[in-house]
Amino acid sequence: MNVDPNSAVYTTDEYGRPFIILREQAKKTRTHGVEAIKSHILAARTVANIIRTSLGPRGLDKIMISPDGEITMEVEHQIAKLLVQLSKSQDDEIGDGTTGVVVLAGALLEQSEALLDRGIHPIRIADGFDRACAVAVEQLDRISDRVDYTLEDTGNLLKCAKTSLGSKIVSKEHTQFAQIAVDAVLAVADLERRDVPFDLIKVDGKVGGSLADTKLIRGVLIDKDMSHPQMPRTVRDAKIAILTCPFEPPRPKTKHKLDITSVEEYNKLREYEKEKFADMIQMVKDTGANLVVCQWGFDDEANHLLMQNDLPAVRWVGGPEIELIAIATHGRIVPRFEDLSPEKLGKAGIVREISFGTTRDKMLVIEECANTRAVTIFVRGSNKMIVDEAKRALHDALCAVRNLVVDNRVVYGGGSADISCAIAVSKAADEIPSIEQYAMRAFASALDAIPLALAENSGLSPIETLTDVRSRQVNENNPRLGIDCNGRGENDMKKQLVYDPLISKRQQYLLATQLVRAVLKIDDVITAGQADE
């Protein structure tokens with residue numbers, strides 16, 4: 001083995017035995033300056049270009065498969081990870097517009113590269129983008145419209161939900177899914193406070209049936225069945241005891257061992273256990289409860305005694321589901337049998353067990369609850385991928401409707417708002433005397449990336465379509481003109497009913513601009529290489 005003398009040190013241990021300490025033979029790579037920024041821009045553009053073709057109602061979905069065959073979203077490059085996190089931030093804050101924000105960020109970074117080639121400092125580019133973003137957000141406020149809705153007139157909310165679902169896998173049933181999303185949000189919304197508590201909306205799914213079988217349940221659905229096959233399948237006027245204590249005799253919390261040396265002692269223990277089971281069941285029955293929902297399991301003896309005492313029970317109900325049942329039925333979660341009282345029971349009109357097809361799968365539906373605000377959306381689909389995709393699509397639609405409840409201002413889709421903002425930013429750039437005007441014009445060009453992608457994904461000629469719509473917006477002074485993705489012969493997005501919540505579009509601009517500043521500020525990267533063999 002060849003050893004570099006400069007990377008080795010001779011020494012001895014406490015017994016005088018000699019040995020050599022070698023430095024780690026890893027090579028570190030370093031990129032800095034404009035070269036580093038350009039490598040980051042390339043990584044981000046790669047992700048944005050992959051996502052770009054999934055934008056709009058004619059967009060196509062992507063599948064990333066890991067080496068072991070699982071569908072995954074693992075990205076190794078640190079700057080590419082930032083784009084994934086950007087999309088997640090948009091999803092966490094707004095719930096929709098995740099594709100658009102990545103496409104916009106990729107376009108901004110692409111424009112940055114051209115400005116760097118012209119010798120403009122990265123921070124001056126970022127400052128120009130910030131000024132342009134402020135102009136674009138002001139323009140969004142100017143062109144936005146307020147849409148009215150009531151519990152009876154939900155037409156505008158429905159249009160917004162349909163726009164969100166238009167690009168999803170469920171678009172075939174998008175009218176039904178949009179109605180479900182609107183009904184679910186309005187069921188739980190506090191319109192006075194403009195608040196939508198999402199924890200009252202549960203989205204559950206099961207493989208089997210078609211997307212058209214998806215329905216809204218005004219109550220709670222749990223993936224459990226009655227603990228004993230001979231218990232009644234339906235309980236009317238249910239008074240529900242919600243327990244987090246198990247049906248078993250009390251035992252010390254520390255480790256313990258019980259030695260039984262005779263038949264009498266064994267019989268005594270068995271009688272004690274039976275007596276305790278009977279006491280527990282009697283405590284439940286004394287409160288007037290006719291259904292037990294227990295977080296823990298119980299053995300066959302307790303199960304048999306519950307059935308004998310005409311007390312239907314459900315076991316192994318998870319923590320979140322227990323909490324949802326308690327909220328829906330106005331019940332209290334009880335940690336000890338001694339604390340049970342009639343006031344702590346949950347109330348529901350009907351609890352029934354439903355089965356599916358030829359399988360033995362069963363689920364429990366709790367309906368006509370005391371708290372009518374708790375709802376469950378039950379999604380059906382032909383396979384697990386479609387069910388999962390339908391859940392994600394419903395989440396986006398729920399968020400789009402929620403955004404309108406929180407702030408009922410909308411801009412119009414089809415890239416119309418982006419074109420209008422691009423025109424406003426270009427006009428503002430001409431009035432800026434400093435070098436930032438170049439960055440502002442680049443920002444305006446980047447805004448055109450969204451309508452260009454929409455036109456391209458819809459099979460239209462991108463540049464011709466964009467220039468035509470852009471000139472019409474200026475000549476007709478109509479900011480509602482956008483890309484006719486569905487080929488309906490109408491460019492006015494208001495007439496096409498393509499609604500986009502204002503806060504969603506505004507958040508896209510702000511988040512994408514922040515990410516670009518973060519990327520442009522990194523000009524030195526040191527990467528530890530693999531150790532030499």
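In what follows, every heavy atom counts, from backbone to side chain, and hydrogens, waters and symmetry copies are set aside.
Contact annotation: the side chain of Ile350 never approaches that of Val365 to less than 4.5 Å [non-hydrogen atoms, C-beta and beyond]. Between Gln473 and Ser420 there is a side-chain heavy-atom pair separated by less than 4.5 Å. Side-chain contact between Asp500 and Val410 is absent, with no heavy atoms from C-beta onward closer than 4.5 Å. Side-chain contact between Leu291 and Lys239: absent, with no pair of heavy atoms (C-beta onward) separated by less than 4.5 Å. Between Asp153 and Tyr149, every side-chain heavy-atom pair lies at or beyond the 4.5 Å cut-off. Looking at heavy atoms from C-beta onward, Leu216 lies in side-chain contact with Arg218 at the 4.5 angstrom threshold. Side-chain contact check for Arg315 versus Trp296: every heavy-atom pair is 4.5 Å or farther apart. The closest side-chain heavy-atom distance from Thr513 to Leu104 is not below 4.5 Å.
To the nearest 0.5 Å, atoms CG (Leu108) and CD (Gln111) are separated by 8.0 Å. In this structure, the separation between CZ on Arg194 and CG on Leu404 is 9.5 Å, given to the nearest 0.5 Å. Rounded to the nearest 0.5 Å, atoms CG (Leu191) and CG (Leu151) are 5.5 Å apart. To the nearest 0.5 Å, atoms NZ (Lys206) and CZ (Phe378) are separated by 6.5 Å. To the nearest 0.5 Å, the span separating SG on Cys421 from CD on Gln139 amounts to 5.5 Å. Ile354 contributes atom CD1, which lies 13.0 Å from atom CZ of Arg233 (distance to the nearest 0.5 angstrom).
Between Thr214 and Gln176, the side chains place no donor N or O within less than 3.5 Å of an acceptor N or O (distance only, hydrogens not considered). Donor-acceptor pairing under 3.5 Å is recorded for the side chains of Asp484 and Gln496. Ser227 and Asn303 share a donor-acceptor pair across their side chains, judged by distance under 3.5 Å alone. No side-chain N or O of Asn478 forms a donor-acceptor pair with one of Arg472 less than 3.5 Å apart.
At distances below 3.5 Å, at least one donor-acceptor pair connects side-chain atoms of Asn457 with backbone N or O atoms of Ala453. No donor-acceptor distance shorter than 3.5 angstrom exists from the side chain of Thr154 to the backbone of Thr150, with no hydrogens or angles considered. With Ser144 contributing its side chain and Leu502 its backbone, the two residues share no donor-acceptor pair below 3.5 Å. For the pair Asp195 (side chain) and Asp190 (backbone), a donor-acceptor distance under 3.5 Å is absent. A donor-acceptor pair is defined here as one N or O able to donate and one able to accept, closer than 3.5 Å; such a pair exists between the side chain of Thr376 and the backbone of Gly219. A donor-acceptor pair is defined here as one N or O able to donate and one able to accept, closer than 3.5 Å; such a pair exists between the side chain of Gln508 and the backbone of Gly97. Under a 3.5 Å cut-off, the side chain of Asn49 and the backbone N or O of Arg45 do form a donor-acceptor pair. In this structure, Asp223 contributes its side chain and Met363 its backbone to no donor-acceptor pair below 3.5 Å. Not a single donor-acceptor pair under 3.5 Å links the side chain of Asp91 to the backbone N or O of Ser87.
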Query raised in the report: Can you list the steps and then say if Leu398 with Ile377 is a side chain to side chain contact (heavy atoms under 4.5 Å, CB included)?
Result: CA-CA 11 Å; Leu398 290 167; Ile377 300 171; 4.2 Å; yes

Requested in this report: Report the C-alpha separation of Ile325 and Ile327 in whole Å, then their side-chain angles, then the decisive distance to 0.1 Å, and conclude whether the side chain to side chain contact (heavy atoms under 4.5 Å, CB included) test is met.
Outcome: CA-CA 5 Å; Ile325 291 169; Ile327 292 168; over 6 Å; no

Report task. I would like to know whether Met231 and Leu306 meet side chain to side chain contact (heavy atoms under 4.5 Å, CB included); could you show each step before the answer? Result -> CA-CA 9 Å; Met231 285 178 179; Leu306 284 164; 4.0 Å; yes

Query raised in the report: Could you walk me through whether Ser164 and Asp96 pass the side chain to side chain donor-acceptor pair (under 3.5 Å) check?
Result: CA-CA 7 Å; Ser164 173; Asp96 198 12; 3.0 Å; yes

Report task. Before giving the answer on side chain to side chain contact (heavy atoms under 4.5 Å, CB included), spell out for Lys347 and His330 the whole-Å C-alpha distance, their side-chain angles and the decisive distance to 0.1 Å. Result -> CA-CA 7 Å; Lys347 294 173 179 60; His330 281 168; over 6 Å; no

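Contact detail for Ala105 and Leu515: the closest heavy-atom pair is CB-CD2, 3.8 Å. Minimum heavy-atom separation, Pro57 to Cys485: CG-CB, 3.6 Å. Across all their heavy atoms, Ala390 and Leu211 have their closest contact at CB-CD2, 3.8 Å. Annotation for Leu86 and Ala512: closest pair CD1-N, 4.1 Å, computed over non-hydrogen atoms. Pairing each heavy atom of Lys215 with each of Ile180, the nearest pair is CA-CD1, 4.1 Å. Pairing each heavy atom of Glu110 with each of Ile41, the nearest pair is N-CG2, 4.4 Å.
Taking a cutoff of 4.0 Å between a charged side-chain nitrogen and a carboxylate oxygen, Glu321 and Lys202 qualify as a salt bridge. Remark: Lys505 engages Asp418 in a salt bridge, criterion side-chain N to carboxylate O under 4.0 Å. Under 4.0 Å is where a charged nitrogen must lie from a carboxylate oxygen, and between Asp388 and Lys384 at least one such pair does.
At least one cation-pi condition fails for Arg517 and Phe129: the charged atom is not both under 6.0 angstrom from the six-membered ring centre and inside a 45 degree cone around its axis.
Counting non-hydrogen atoms of neighbouring residues, nucleotides and ligands closer than 6.0 angstrom, the CZ atom of Arg332 reaches no more than 12 such neighbours. Crowding of Ile463 atom CD1: a count of heavy atoms from other residues, nucleotides or ligands under 6.0 Å not exceeding 12. A 6.0 Å sphere centred on CG of Asn383 holds more than 12 heavy atoms belonging to other residues, nucleotides or ligands.
Residue pairs meeting the side chain to side chain donor-acceptor pair (under 3.5 Å) criterion with at least one partner in residues 398-417, sequence neighbours excluded, are Asp145-Tyr412, Arg146-Asn408, Asp407-Arg409. Residue pairs that meet the ring-ring contact (aromatic ring centres under 6.0 Å, His included) test with at least one member in residues 446-488, sequence neighbours left out, do not exist here.
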